[in-house]
Amino acid sequence: MTRIDYDKLAAAFARNRKANRMVLEELVRNGRVSGASKVLEVGCGTASHISALSVATGCRGWGIDPSKGMLSQAQDAGVVLVEGQAEQLPFDNGFFDLVF
């Protein structure tokens, strides 16, 4: 199995990957995201979706990703970024209103 080194791809990823408008609309509509929501994006990469969701709704956002390189490329939109694995989330059960 070939492993992708996301740390090496992070800068190019950040330049070329932006939040998808339709994904954001679905998160707001079906996730019932509001300014009072606490939202976690698992595998956030450069945090484009959680950042855009936070800006659009005023929600408090967190992102978790195993790649230091990807997290270092994230735009500062007031979200909390954590290096970690989806299999071992460092948050209490029930802390978030939405996890995607």
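A 6.0 Å sphere centred on NZ of Lys8 holds no more than 12 heavy atoms belonging to other residues, nucleotides or ligands. The neighbour count for Arg32 CZ, taken as heavy atoms of other residues, nucleotides or ligands under 6.0 Å away, does not exceed 12.
Within the 4.5 Å cutoff, the side chain of Asp97 has no heavy atoms near those of the Val39 side chain. In this structure the side chain of Ser48 never reaches within 4.5 angstrom of the side chain of Lys18, judged on heavy atoms. Contact check for Leu40 versus Leu89: side-chain heavy atoms found under the 4.5 Å cut-off. The side-chain heavy atoms of Phe100 and Val23, taken from C-beta on, include no pair separated by under 4.5 Å.
With Lys68 contributing its side chain and Glu83 its backbone, the two residues share no donor-acceptor pair below 3.5 Å. In terms of modelled atom types and a separation under 3.5 Å, the side chain of Ser37 and the main chain of Ser34 share a donor-acceptor contact. Side-chain atoms of Glu41 come within 3.5 Å of backbone N or O of Ile50 as a donor-acceptor pair. With hydrogens and angles ignored, the 3.5 Å screen pairs no side-chain donor or acceptor of Ser54 with any backbone N or O of Ser51.
Follow the hydrophobic side-chain contacts under 4.5 Å out from Leu24 and you reach Val79 in the same cluster. Both Leu71 and Leu53 are part of a single hydrophobic cluster, where members link through side-chain heavy atoms under 4.5 Å apart. A single hydrophobic cluster is not seen to contain both Leu98 and Phe95; linkage of ILVMFWY side chains at heavy-atom distances under 4.5 Å, directly or through other members, places them apart.
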